[in-house]
Amino acid sequence: MTSSSELWPFSYIYNCYEDFLFYITKDVLLVFALTFITLMCWKKSWKQKPSGTQLKPTLKKKWDTSSTLKEESPEIIIVGAGVLGSAFAAVLARDDRRVTVIERSMSEPDTFAGEVLQPGGYKILKLLGLENSLEGCEASKLRGFQIHDLVNKEKNNLFFRLVENEDIEDGRSFRHGRFVMGLRKIAMAESNVKFIEGTVINLVEDDGCIIGVQYKDKKSENVKELYAPLTVVADGLFSNIRKHLISQKPNVTSHVAGVTMKTPQELLLTKMNTIISDSSVFSIYTISYSESRVLINIAGEVPRNLKDYLMQSVYPVMPDHHKESFCEAVQNINFKVLPADYLPAATLNKSGVILLGDAYNIRHPLTGGGMSIILSDIAIWRNLLQNIPWLDNYEAILQAKKKFYWLRKMNCTFVMNISAELTHQMFSAKDSTTLLVRKAYFEYRNFGEKYSQKSAQMYGMLTPKPSSLICFLGGVLIHAMRLALKSEPWYRKHHAVCTIGTILCKMLSFLIPLAYSEMCQ
C-alpha cells in the first residue's frame, strides 16, 4: 500500500493544476502566437506579391457576357448543393449576391454522414436564419453524451446544460437527406439563387485565376461553361475538384458503417450513446420519430462479410432493448459503409476560388462535429464577404482567406478536429498505455459536475477555444500519470516512472503532429 506521504508532491501539483494553468495559459498562448506570427511573416517575405488586385478586363468580360443581361450573370458559383452549398447559397442571396448552384443530383441524398448538429452548430443555424430547414425532418433534441467503456468498466454521463433555465440550446439529430432538402427548399425560395442539375467536370482557369466552371448539363447532356468572379467548391467527401486545388489527400483512418434500425418511441434516445468494447466501438442516436442510427467504427479494411462481422462484434454488446431491432436491420442489409478520413485544412491562395466543407477539411465522425463546423465556416465567410462589395478584388479576397484560416482554427476547428481524432484513437486502442490514458479520461470527467460540464460543452462546440482543450488534456495526462504511480507498490516505483515516460511519449507523438497539421497548414 502506498502511503500518502510518498505521493504528496505529485498530489500537490495535481490539486494545484487549475491554478497553475490560470497563471501560465495566457503567457504560453501569447508566446505561441508571437512565434507563429513571426514565422508567418518570414514565410510571407519569401513569396511574391500578387501581380494585381483586380481581374483583368479580358477575364471580366467573360462573365459579363455569359448571360443575355449582366444582371443575370452570377457573382458566385457554388459546386455542390449539400449542407454547405445550399446553406451558403441562401445566406449569400440574402446579402444581395447572385448565386448559381450546380449539383449532380437534386434528389434526396441517401447517406448517414452528417446527422448530428451540436448545440454550438444549432445556435449558428439560428443566427444564419436557417432554423426552418429542420421543419419536417423529425429532428430530435440532443441533450448530451452517454459513454460506456466496457473494457475499463467506466461510464460518463455528460449534459450540455445542467438546469433547464440556462441559456444553452440542446443539439439536434436527424436524417441527413431530409436536412439537405430543407436547406435546398430555403435556398430555392430566394430570387437570387439559381440551381442547375449537372456535373462539374473541371474549373475554367485563365492566367492562374479560376474564372468559372465547365459542367455537363444533366437534362441536355451538353458540356457548358459558366463564369463568375468567385467559385466555391463544396462537392463533399468524394470531391472531384479537390485534387486540382490542393496537394493533400484524405488519410483513411478507419471505416464506419451506418445501420438504420426501427425503434419504438419510448426507446428513442435524447443523448448520443457510445459503447466501447474489446470487439467494437459504436454510437446510437435518434434520426426520426421511429428510427435510430447505429454508427459503427471498423478498424482497418472492411470485412468481406460485413453482416457476420456486425452480428459477431456488435450484436453481443448491443443494449438488450435494441438487440432485436439491430438484428432485423442487419439481416435486411439496412446499412451502408463510408471511409472515415482525416484531412487537415490547407491554405489555398489561388485567385477566384474557395474550397469548403468536406472537400476541404475532414475529421472522424465519432464525435459528430462536422455539420457544426460547416455552419461555422459559412458564418465566418458571410461576415468577411459583407466587407467586399466587388468579388473581382482578388487582393481583398486573399486577405479574407487569411483571416478565415485563422478565425476557423480559433473558433472551433482546432478543438473539434483534434478531439475527434484523439477520441477515435483512444476508443479503438488495444495497448495498455492508451487504455490507462482512457481510464484517466473517464475518471477525470467524473470528478464532479464542473469537469463533466466543461468537457460536454467543449465537445458540443459551446466553448471550442484551444485553451479549453489544452486544460482538459493536461488534466487527463496528469491524472493518467497519477494512476500509473498509484498502481505500483513502493519497491516498483521505477516501473511507474517508465510507464509515465511511455504515456508522455505516446501521447505527445500523436498530439504534436496533429496540432501542427491543424495550426500550421
Side-chain angles (χ1 to χ4, degrees), residues 82 104-105 107-116 147-151 175-177 235-240 242-243 248-263 272-285 287 291-343 358-359 362-368 370 420-432 434-435 438 510:
R104 182 183 295 108
S105 173
S107 58
E108 182 177 320
D110 183 17
T111 182
F112 60 87
E115 294 183 320
V116 173
I147 311 172
H148 302 260
D149 185 353
L150 303 181
V151 179
R175 269 189 174 272
H176 176 85
D235 55 344
L237 188 67
F238 303 104
S239 172
N240 293 321
R242 180 199 295 132
K243 61 186 177 184
Q248 289 91 336
K249 295 181 179 179
N251 176 35
V252 180
T253 56
S254 67
H255 290 81
V256 286
V259 179
T260 308
M261 62 181 186
K262 297 291 182 182
T263 309
M272 179 179 278
N273 191 356
T274 301
I275 296 173
I276 309 164
S277 70
D278 282 324
S279 58
S280 62
V281 179
F282 60 92
S283 296
I284 308 172
Y285 54 90
I287 57 172
E291 295 172 310
S292 297
R293 181 79 73 200
V294 185
L295 191 72
I296 303 152
N297 183 67
I298 302 173
E301 296 298 321
V302 180
R304 289 186 178 180
N305 193 329
L306 186 56
K307 184 188 292 187
D308 286 350
Y309 170 82
L310 295 175
M311 293 304 297
Q312 293 169 10
S313 300
V314 180
Y315 178 78
V317 292
M318 179 69 62
D320 291 338
H321 52 275
H322 286 306
K323 281 188 173 181
E324 184 178 348
S325 298
F326 180 78
C327 181
E328 182 182 349
V330 172
Q331 295 304 321
N332 292 334
I333 317 181
N334 198 3
F335 54 81
K336 295 179 180 293
V337 179
L338 288 174
D341 296 332
Y342 174 62
L343 178 66
D358 284 345
I362 317 171
R363 81 287 311 149
H364 201 280
L366 196 59
T367 55
E421 295 305 310
L422 181 62
T423 300
H424 166 245
Q425 180 81 2
M426 282 200 301
F427 285 7
S428 58
K430 306 293 183 185
D431 62 285
S432 58
T434 310
L435 287 175
R438 192 167 84 200
F510 176 76

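Keep in mind that the numbers below use all heavy atoms, side chains included, and drop hydrogens, waters and symmetry copies. Throughout, residue positions are numbered sequentially from 1 according to the sequence presented.
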Task: Donor-acceptor side-chain pairing of S254 and H364 below 3.5 angstrom - done: yes
Task: Between Y285 and E115, a side-chain donor and acceptor under 3.5 Å - done: yes
Open item on the list: Please find the pair of heavy atoms, one from P109 and one from H176, that lie closest to each other, and give the distance.
Closed with: CB-CD2, 4.3 Å
Open item on the list: Minimum heavy-atom separation for N297 and Y309, please, with both atom names.
Closed with: O-OH, 4.0 Å
Open item on the list: How long is the straight-line distance from CG of L338 back to CZ of F238, given to the nearest 0.5 Å?
Closed with: 5.0 Å
Open item on the list: What I'd like to find out is whether the side chain of D308 reaches to under 4.5 Å of the side chain of P303, using heavy atoms alone.
Closed with: no
Task: Closest non-hydrogen atom pair between P365 and V256, with its separation - done: CG-CG1, 3.9 Å
Open item on the list: Assess whether a salt bridge exists between R104 and D235, defined as any Lys/Arg side-chain N lying under 4.0 Å from an Asp/Glu carboxylate O.
Closed with: no
TODO: Please report the shortest heavy-atom distance between G300 and H255, naming the atom on each side.
DONE: O-ND1, 3.0 Å
TODO: List the steps and the verdict of side chain to side chain contact (heavy atoms under 4.5 Å, CB included) for K336 and T111.
DONE: CA-CA 8 Å; K336 295 179 180 293; T111 182; 5.7 Å; no
Open item on the list: Between S280 (side chain only) and S313 (backbone N and O only), is there a donor and an acceptor less than 3.5 Å apart?
Closed with: yes
TODO: Output yes when a side-chain donor or acceptor of S292 lies under 3.5 Å from a complementary backbone atom of M261, and no otherwise.
DONE: no
Task: Verdict with reasoning, F335 to V294, per side chain to side chain contact (heavy atoms under 4.5 Å, CB included) - done: CA-CA 9 Å; F335 54 81; V294 185; over 6 Å; no
TODO: Compare every heavy atom of G236 with every heavy atom of R242, then report the nearest pair and how far apart it is.
DONE: NH2-O, 3.7 Å
Task: Those residues that, when tested against D341, pass salt bridge (charged side-chain N to carboxylate O under 4.0 Å, His left out) (two or more places apart) - done: none
Task: CD1 on I275 to CG on D149, rounded to 0.5 Å - done: 11.0 Å
Open item on the list: Please report the interatomic distance OH(Y315) to NE2(H322), rounded to the nearest 0.5 Å.
Closed with: 13.0 Å
Task: N334 side chain vs T260 backbone, donor-acceptor pair below 3.5 Å - done: yes
Open item on the list: Looking at every non-hydrogen atom in both residues, tell me the closest pair between K430 and S277 and how far apart they are.
Closed with: NZ-O, 4.2 Å
- [ ] Identify whether the distance between the nearest side-chain nitrogen and carboxylate oxygen of R175 and E291 falls below 4.0 Å.
- [x] yes
TODO: Check the surroundings of atom CD in E108: do more than 12 heavy atoms from other residues, nucleotides or ligands lie under 6.0 Å from it?
DONE: yes
TODO: Mind checking salt bridge (charged side-chain N to carboxylate O under 4.0 Å, His left out) for D278 and listing every partner two or more places apart, or none if nothing turns up?
DONE: none
Open item on the list: Using modelled atom types and a 3.5 Å cut-off, is there a donor and acceptor pairing between side-chain atoms of R293 and backbone atoms of G258?
Closed with: no
TODO: Would you please test H148 and N273 for side chain to side chain contact (heavy atoms under 4.5 Å, CB included) and show each step?
DONE: CA-CA 8 Å; H148 302 260; N273 191 356; 3.3 Å; yes
Task: Distance in Å, S283 OG paired with L366 CG, rounded so as to fall on 0.5 Å steps - done: 5.0 Å
Task: Short side-chain to backbone donor-acceptor contact, T253 and N251, under 3.5 Å - done: no
TODO: Apply the test side chain to side chain contact (heavy atoms under 4.5 Å, CB included) to residues V259 and F282: give CA-CA distance (whole Å), side-chain angles for both, the deciding distance (0.1 Å), then the verdict.
DONE: CA-CA 10 Å; V259 179; F282 60 92; over 6 Å; no
- [ ] Please round to the nearest 0.5 Å and tell me the distance separating atom CD1 of I296 and atom CD1 of I284.
- [x] 9.0 Å
Task: Gap between atom CG of L343 and atom CD1 of I362 - 0.5 Å precision - done: 5.0 Å
